[in-house]
Structures are given as structure tokens and as C-alpha cells.
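The structure appears below as C-alpha cells.
Please read all numbers here as calculations on a predicted model, not as lab measurements.
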Amino acid sequence: MLAADRVETRLPDLKPALTEDQARAEAARCLFCHDAPCVAACPTAIDIPMFIRQIHSGNPVGAARTIFEANPLGHSCARVCPVEVLCVGECVYNAKGEPPIMIGRLQRHATDNVVHAGIQLFEAGASTGRAIACVGGGPASLACAHELVRLGHRAVIFEKGAWPGGLNTDGVAPYKMHAEESLAEVAWLSEIGIEWRLGVEAGRDVPWADLERDFDAVFLGAGLGADSALGIEGEDLPGVWGATALIEAIKTGRQVDPATVYSAVVIGGGNTAIDAARELRLLGVPDVRLVYRRGPESMSAYAHEREHATAEGVDFTWRAVPVAFEGNGRLTGVRLTTVDRACNPVGEPFRVPADLVAVAVGQGRLESLLSGIPGGIAQERGRVKVDPATGRTSNPKYWAGGDLANGGAEVVNAAAEGKRAAGGIHEWLTRNGGSR
């Protein structure tokens with residue numbers, strides 16, 4: 001059960017649901033392009049003109065089916081997808097200088113109609129007698145398991161944590177989606193027969209050899225590891241957080257109270273850094289500063305997210321790096337030094353006050369998780385190598401998708417890769433006689 005007074009409940013929904021009238025009116029604006037660029041921009045290739053036409057004709061349930069057939073995680077993707085650089089960014093209205101169609105909010109309107117009403121659109125296929133283990137309880141495994149069950153296979157998800165849903169539950173910025181929406185999606189998807197083993201870590205609580213013995217195939221969708229550390233003085237002070245750990249605390253717990261924080265510093269230049277900075281500011285922290293070692297042109301965070309952060313009052317310090325966190329028993333400040341374009345220190349260190357720091361410089365890889373797999377798994381730059389057409393790894397009984405394989409992308413990419421792997425597993429089991 002989620003705590004009713006967890007911190008994320010203080011944050012409003014920045015893209016609220018459309019009313020029926022609003023959705024019909026917005027759908028009426030769509031040109032229903034024959035060769036729609038928005039579809040090409042969607043990693044799951046949802047037939048966007050079709051589902052918008054269905055909303056326009058008063059058939060939101062049909063629209064939801066169109067969405068979920070392409071993307072099993074369509075409910076959460078409607079909220080968390082960076083549509084500004086995907087489907088909405090490619091809408092033909094942009095070239096006309098007019099507001100693009102609100103595709104994400106229309107998708108939310110359709111999927112809310114079935115998930116919140118408990119309308120089940122899918123069922124398990126006729127049993128094949130085959131079973132697949134999905135390691136990790138996030139979007140990639142969910143998409144893979146859902147597709148496998150529809151194809152008639154048994155799918156069991158092994159999640160080491162207490163929450164199903166992965167980063168959708170405990171890592172997505174709460175102003176985009178609260179944890180209960182992720183759990184509602186998990187419950188809806190699981191109704192067709194997905195099995196869960198929560199609090200069970202593959203390789204530790206259940207050996208890989210046992211998974212290979214008991215299942216016909218294994219899908220790896222475990223995501224990334226813990227927040228990377230800077231390795232500088234004072235990093236163990238109370239008040240210094242890894243960014244994903246901080247976001248999890250805000251979403252699912254009460255270990256941190258932003259109401260007691262006056263000055264916060266976020267270190268990093270990616271989307272996780274922007275998420276942490278925005279939610280701290282939206283939670284009422286008066287002084288939020290994001291520190292990045294290069295200039296704005298080099299940030300990997302989306303430009304529209306940075307613009308939102310600026311409008312919300314986040315300050316930016318460019319071309320600077322932390323050299324120490326200061327405090328005597330509790331965090332009081334960050335000592336920074338400016339750097340040149342090659343990130344070499346220049347000038348004298350300077351100090352900024354801070355009651356809280358979020359370090360968002362990446363996450364560790366899960367080599368230790370994979371190290372015990374019999375026969376091993378080929379990796380490249382910390383990522384599991386997969387066949388781009390099927391998601392199959394170098395080990396013939398293992399498939400992979402999501403952040404473990406792509407290094408850290410969007411929920412929609414994880415969904416696409418999980419579904420792709422399910423197709424690869426199904427083809428191997430049914431056409432090529434794959435067996436234990």
C-alpha cells in the first residue's frame with residue numbers, strides 16, 4: 001500500500017486530463033494524415049490518426065484498443081513520453097505555425113477510459129505449455145510479459161523490490177505521473193494472467209541455473225543500477241542524495257521533506273537532473289540551483305524541459321563542478337570550481353549554500369547481476385548486446401530490453417523493446433523448436 005501522505009501527493013498534475021468535450025474538440029483538429037509523421041516518430045508505431053479519429057467519433061474504448069495493441073504501456077506513456085520531441089514534435093501543424101495536436105493528452109483520455117473503468121481489452125491466448133521468466137518489474141518486462149501471455153505463454157516477472165512497475169512507480173517525475181497510476185496500469189495489465197514474484201532477486205534468491213531449468217526462456221529487463229557517486233569530500237553527509245534515490249523517496253515515502261529545505265543544488269545535465277530540480281522547485285524549495293560542467297548547448301536534457309525549469313524558477317550554474325560538500329554533521333553548502341570547455345579547473349573555488357544536494361551524474365551498470373549467468377552474456381560499454389530485430393542476446397536462452405540494453409532511454413523505448421523480445425521468444429519457441 002502506498003502511504004497517503006507521501007511527498008509526491010503535494011505535486012499537481014501539470015498536464016491534467018481532458019474532458020470529453022475538450023477531447024472531441026481537439027480530435028476534430030487532426031488532419032488524419034495518410035502518411036502521418038507522428039506515427040513514424042513513435043517508437044511503438046501507434047496508429048495515431050486512427051485512435052484520434054476514434055475519439056472524434058465517440059469511441060474512446062476503441063481508441064484505447066488501437067493504442068494498447070501497439071504499446072502495452074500506453075497508459076503511462078501518455079503521461080511520461082517526451083511527446084515534444086516525438087509525435088507532437090513531428091505534427092504537421094508545427095510547420096504551419098499553429099499549435100500541434102495534443103497527442104499525449106488525447107492518448108491519456110482514451111487509456112484512462114479503460115484502465116480507470118476496469119475495462120479489460122485483452123485475454124490470454126490458448127496455452128502453449130511454455131513458460132518465460134522476466135527479470136525486473138519495469139516497463140520492458142511488463143510489455144514483454146503482456147505480449148507473451150496474449151500469445152499463450154506463461155510469464156512470471158521477478159522483481160527484487162517491493163513495488164511492481166519499475167521506474168514508472170518509483171522513478172518518474174511525480175509532476176508527470178504519481179505512483180498510484182503506475183500501479184493501476186500494472187494491475188490492469190496483469191489481469192490477463194501475468195504472474196509476479198516480488199522481493200525475489202534473480203541470481204541471488206533464485207539461481208540463474210534454476211531459471212534456466214524451470215523456464216523455456218529468460219527476458220532481462222532489470223534496468224540500471226544505483227546512482228553513480230562523485231567520490232568527493234563530504235558525499236556521505238546527511239542531505240546528499242543520489243537523484244534517483246531522492247525521486248523515489250519523494251514518490252513512495254516520507255524520508256525527505258522539501259518543506260524543511262531552503263537551498264537545493266542538483267549536479268548534472270541530463271533529464272534526471274532536470275526532473276529532480278523541477279520537482280524540488282514545484283514542491284516549494286525557494287532556492288534550487290542546477291550545476292552542470294558544460295554549457296546549455298551540451299546538456300543531454302531536453303530543451304523544452306530546461307525551458308520549463310527556467311520558467312519555474314530553477315537557477316543554472318554553467319561550466320562548474322563540485323569539489324566538496326561542506327558541513328559539520330549536516331550539509332550546509334557545496335564548494336564549486338569553474339572549468340573550461342575541456343572541464344579543466346580554472347579560477348578559485350567558490351561556495352553556494354545547500355541544505356540538500358541531488359547528484360545526477362548517471363547510474364551504475366548491472367554487471368554483478370549478469371555475472372552468474374551460465375555461459376555469460378556479451379556486453380558493450382556496459383550494455384547487454386542484443387539482436388536489434390529480436391532482442392536476443394549472445395546467450396541463446398536470454399533476451400533483453402529496456403535500460404539494461406539501451407543504456408537509459410524512455411519508457412516508450414522499453415515498451416517497444418519488451419514487445420519486440422516477446423515476438424522473438426515466441427518465434428524461437430514455436431518455429432525453431434526452442435526447448436529447455
Exercise. Could you list all the salt bridge (charged side-chain N to carboxylate O under 4.0 Å, His left out) pairs where at least one residue sits in residues 227-247, not counting sequence neighbours?
Key: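 Matches after skipping sequence neighbours: none remain.
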Residue pairs fulfilling side-chain hydrogen bond (donor to acceptor under 3.5 Å, both in side chains) with at least one residue in [range], sequence neighbours excluded:
range: residues 10-21; answer: Arg10-Asp257, Asp13-Arg108, Lys15-Glu84, Thr19-Gln22, Glu20-His109
range: residues 403-425; answer: Tyr302-Glu410, Asn406-Glu417
range: residues 323-332; answer: Glu326-Arg335, Glu326-Arg351, Thr332-Arg351

Quiz item: Are Val39 and Pro49 close enough that some pair of their side-chain heavy atoms sits under 4.5 Å apart?
Solution: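 Yes, side chains in contact.
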Quiz item: Would a 4.5 Å heavy-atom cut-off, applied to side chains only, mark Val265 and Ile267 as touching?
Solution: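 Heavy-atom side-chain distance check passes, below 4.5 Å.
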Quiz item: Looking at residues at least two apart in the chain, or sitting in another chain, which of them share a side-chain contact (heavy atoms from CB on, under 4.5 Å) with Ser298?
Solution: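 With neighbours one apart ignored, the set is Tyr292, Arg294.
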Practice problem: In sequence, state the C-alpha distance, the side-chain angles, and the governing distance for Tyr398 and Val386, and then conclude on side-chain contact (heavy atoms from CB on, under 4.5 Å). | Solution: CA-CA 10 Å; Tyr398 290 80; Val386 299; over 6 Å; no
Self-check item: side-chain contact (heavy atoms from CB on, under 4.5 Å) between Glu8 and Glu180, worked out
Solution: CA-CA 11 Å; Glu8 76 163 356; Glu180 68 266 16; 3.9 Å; yes
State, to 0.1 Å, how close [X] and [Y] come at their nearest heavy-atom pair, and which atoms those are.
X: Ala217; Y: Ile425; value: CB-CG2, 4.0 Å
X: Thr169; Y: Ala179; value: O-CB, 3.4 Å
X: Asn168; Y: Lys251; value: O-CE, 4.2 Å
X: Ala422; Y: Cys144; value: CB-O, 3.6 Å

Quiz item: Think Arg65 forms a cation-pi with Phe122, using NZ or CZ under 6.0 Å from the six-ring centre and within 45 degrees of its axis?
Solution: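 Output yes; distance and angle both within limits.
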Quiz item: What pairs of residues pass the ring pair (Phe, Tyr, Trp, His ring centres under 6.0 Å) test when at least one of them lies in residues 74-101, not counting sequence neighbours?
Solution: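 Qualifying pairs, neighbours excluded: His75-His116.
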Exercise. Please answer whether the main-chain N or O of Pro99 pairs with a side-chain N or O of Arg29 as donor and acceptor at a distance below 3.5 Å.
Key: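 Side chain of Arg29 to backbone of Pro99: a pair is present.
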Practice problem: Report the C-alpha separation of Val412 and Val80 in whole Å, then their side-chain angles, then the decisive distance to 0.1 Å, and conclude whether the side-chain contact (heavy atoms from CB on, under 4.5 Å) test is met. | Solution: CA-CA 9 Å; Val412 67; Val80 307; over 6 Å; no
